[in-house]
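Data block below; observations after.
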Amino acid sequence: MDKLSNNQIAWRAAQDIADGAYVNLGIGFPEKVAQYQPPGRHAIFHTENGILNFGEAPAPGEEDWDLINAGKKAVTLRPGAAFFHHADSFAMVRGGHLDVAILGAYEVAENGDLANWSTGPKGVPAVGGAMDLVHGAKRVAIITDHVTKDGQPKLLRRCTLPLTGVGCVTRVYTSLAVIDIADGRFMLREKLPSLGLEAIQRLTGAELHRDGPVADLIVPEL
Amino acid sequence: MDKLSNNQIAWRAAQDIADGAYVNLGIGFPEKVAQYQPPGRHAIFHTENGILNFGEAPAPGEEDWDLINAGKKAVTLRPGAAFFHHADSFAMVRGGHLDVAILGAYEVAENGDLANWSTGPKGVPAVGGAMDLVHGAKRVAIITDHVTKDGQPKLLRRCTLPLTGVGCVTRVYTSLAVIDIADGRFMLREKLPSLGLEAIQRLTGAELHRDGPVADLIVPEL
Amino acid sequence: MDKRVTGLAEAVADIEDGVTVMIGGFGGAGSPIELIHALLDRHRATGHPRDLTLVNNNAGNGHLGLAALIEAGMVRKIICSFPRSADASVFNAAYRDGSVELELVPQGTLAERIRAGGAGIPAFYTPTSVGTDLARGKPVAEFDGRRYVQERWLKADVALVKAELADTQGNLTYRMAARNFSPLMCMAATQTIVQARRILAAGGIDPEVVVTPGIFVQKIVEVASPVQEEDLARAGAAYPLEA
Amino acid sequence: MDKRVTGLAEAVADIEDGVTVMIGGFGGAGSPIELIHALLDRHRATGHPRDLTLVNNNAGNGHLGLAALIEAGMVRKIICSFPRSADASVFNAAYRDGSVELELVPQGTLAERIRAGGAGIPAFYTPTSVGTDLARGKPVAEFDGRRYVQERWLKADVALVKAELADTQGNLTYRMAARNFSPLMCMAATQTIVQARRILAAGGIDPEVVVTPGIFVQKIVEVASPVQEEDLARAGAAYPLEA
């Protein structure tokens, strides 16, 4: 089936980040979003462990392990960077100073609930800064495959896994569509042109609503 | 009547400050305590407005009004000084990091209550950092004349003026005596040699207790 | 993202009637006197803004800065810890005739409430003021056998702040004890307006020594030779200053 | 007041059984590996300290630092936000066999709880974790129509911290993102023990750039060429390190 690659999902999410926006990207897949800023736009990236305005990874062998992001990957600094301690860092998060946080998800529900930290009681739990970010950033967006590896919907009426946050997600960028969450409903905004409405509805665990035309989700080859 | 001058009261209070102690001195009279540190001892003085390890006043004409204490008097820095913002400053206060705060008083009660911020509903109220200091420093000591200008006791069974703090004072240095507060009682530790026990009791608004010999309160001419 | 504006008038142009304005400074140290006087100039020209709620440690000295805002009738309420000063006659008169309301807050509680506003903490408990008149009406709770007062966050629509260095992205340093409440107010205000003695290019401030990261700052204006309010006050100056 | 001690062994000599130890660092950045290994050396020699509660963002990597403390059986409980790492096998095994208890705390809540411990704030409200399993059993209150969880302060008997510069009075700076939790832990511990790359005379650090004022520090030891835990881990090193 036709679907976007992770790079393409990240590209699409990057198009919605304004010039000068303060942005936190979750560890792993969401970090890719930084690579796809439209020309002329410069977001300022925040990492929970106390850096504002960090840049891309250094060349191999150039790593300084005191200069890392929340995923413990080596990064670099951009002009205008600042260091601060963890309480100040999460003051930025919790105090509503970030314009957007882009995170991954196990499940997203039509009421805006997010599950992305625990797959249940077996395994060792780990939460990091996810629960802070989802109730702190002005806008919480999710990038994710539309379905699990087993083909099961990740967009659901209600989350089944332990919640990260309640009613916190407002937009989901998936491998098939861009979907807003408003008033407890999934609002389909964009979808792959090759995909019919019914097809995408079948892959979604809750009703997809529309309040206007659904745009074509068109992204470059990446 | 024989009594200590304010300088002498400040001198006596200074003798109880250990080398290396972190100390906050209230504005006005308590600021004098800094002048009387015993030779070889160096307390580190904190001021609410964000300086640790400030020193004496600069020479006249040398004032920098960005370098002031809580009383808005010009000060200088000592080696090892640090600047910080008000929340960090009061984290030091409230978090129990100061070894001692020495403050003035309108009234002190045998239960440790202190009134030193308001003389009642007329006038414009002003509190500053007093209420924070009395519940923050490890030890809260008072320096004060033993009686008011009208000769009325300032050490009382219960305060009559609006409280600054509840059960917070543990030692009072007056113009006549050194008195500890323990288990809701005034414990007389030192008194002017020229003054009889009854004389000092008459000038005190609550019972003075003893649990051992009362030492002579002897201070230099100042 | 260049946060510079062209002048003081532009910096304060969109402060509306009825808003809460946090103003940095402790006495004269850190008082953004040029920004305050620009606001006064605007009020003289337009009658706005007015009905302001001010947050500062003090309530003005002489006839400058905060005191001049009160004297101009722009202020409805002051939230502060210590309204006394060398010459608090303007505030005292306004307080006594009831034209300005006072919310008196212990200094450390004021600082922590502002930090809480900036840090997304709606309420916290403090030992400060327990059992006193200033705790009246506030919830009290016991933790580990000791009583604490619940205090609420304090936020503002606008903060006016004096910095030493800024870069174009809004990273700031301060000068000595002029730091005081300013870094907290930058966090707690929707719009933080900064006057800086010098504005550098991004990267002009060592990332290790930034005190206020630019995320907390919205507008910066360079005031290359700021006056110190204390110097003005001691010289007997009053708003409007002689040119 | 000179807070220097003569060596790593002396620095950690009076850490007792059963105490809570905050350890600075986020992954390898800021990990005071020399202090931790000095504690391990002491345990090898004396069997103490043990039954420790550790506070850190993580729960150790490979067989170094925190992981080595767990592996040596010195740890009863870990309070952290993210026990995963490149090689968390030591913690995972101890967690699964029940020998180490885990208190999982959202990262921002962990930071704020530690700051609260240092700042004398026994409890505060946060939106973080509302409606999740991590809020279970905690009081919830509504402010301005939104629900918040009450969280309690976190204090420690001891903090182990890695600084860049120190002066003899305990004023500290850090190196880049090695700062992370360390300034907060210095505030929240009864005894803060610091390893610094360089110890300067009092006044050797500009008062404007001090990050941790000396009031929060009790002991300092110079470790002139500290190793970075991440470098050790990537080299496959394990405690005890080859000399």
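Note on naming: letters A, B, ... go to the chains in the order of the sequence lines (proteins, then strands), and numbering restarts at 1 for each one.
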Under 3.5 Å, what donor-acceptor pairs does chain D form with chain C?
{"unit_1": "D:E112", "atom_1": "OE1", "unit_2": "C:R115", "atom_2": "NH2", "d": "3.0"}
{"unit_1": "D:E112", "atom_1": "OE2", "unit_2": "C:R115", "atom_2": "NH1", "d": "2.8"}
{"unit_1": "D:R115", "atom_1": "NH1", "unit_2": "C:E112", "atom_2": "OE2", "d": "2.8"}
{"unit_1": "D:R115", "atom_1": "NH2", "unit_2": "C:E112", "atom_2": "OE1", "d": "3.0"}
{"unit_1": "D:A123", "atom_1": "O", "unit_2": "C:Y125", "atom_2": "N", "d": "3.0"}
{"unit_1": "D:Y125", "atom_1": "N", "unit_2": "C:A123", "atom_2": "O", "d": "3.0"}
{"unit_1": "D:D144", "atom_1": "OD2", "unit_2": "C:R152", "atom_2": "NH2", "d": "3.1"}
{"unit_1": "D:R152", "atom_1": "NH2", "unit_2": "C:D144", "atom_2": "OD2", "d": "3.1"}
{"unit_1": "D:M176", "atom_1": "N", "unit_2": "C:E208", "atom_2": "OE2", "d": "2.7"}
{"unit_1": "D:R179", "atom_1": "NH2", "unit_2": "C:E208", "atom_2": "O", "d": "3.0"}
{"unit_1": "D:E208", "atom_1": "O", "unit_2": "C:R179", "atom_2": "NH2", "d": "3.0"}
{"unit_1": "D:E208", "atom_1": "OE2", "unit_2": "C:M176", "atom_2": "N", "d": "2.7"}

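Listed by chain and number, the residues in a side-chain contact (heavy atoms from CB on, under 4.5 Å) with C:A111 are B:H86, C:F181, C:L184 (sequence neighbours excluded).
Nearest heavy atoms, D:G120 versus C:P127: O-CD, 3.5 Å.
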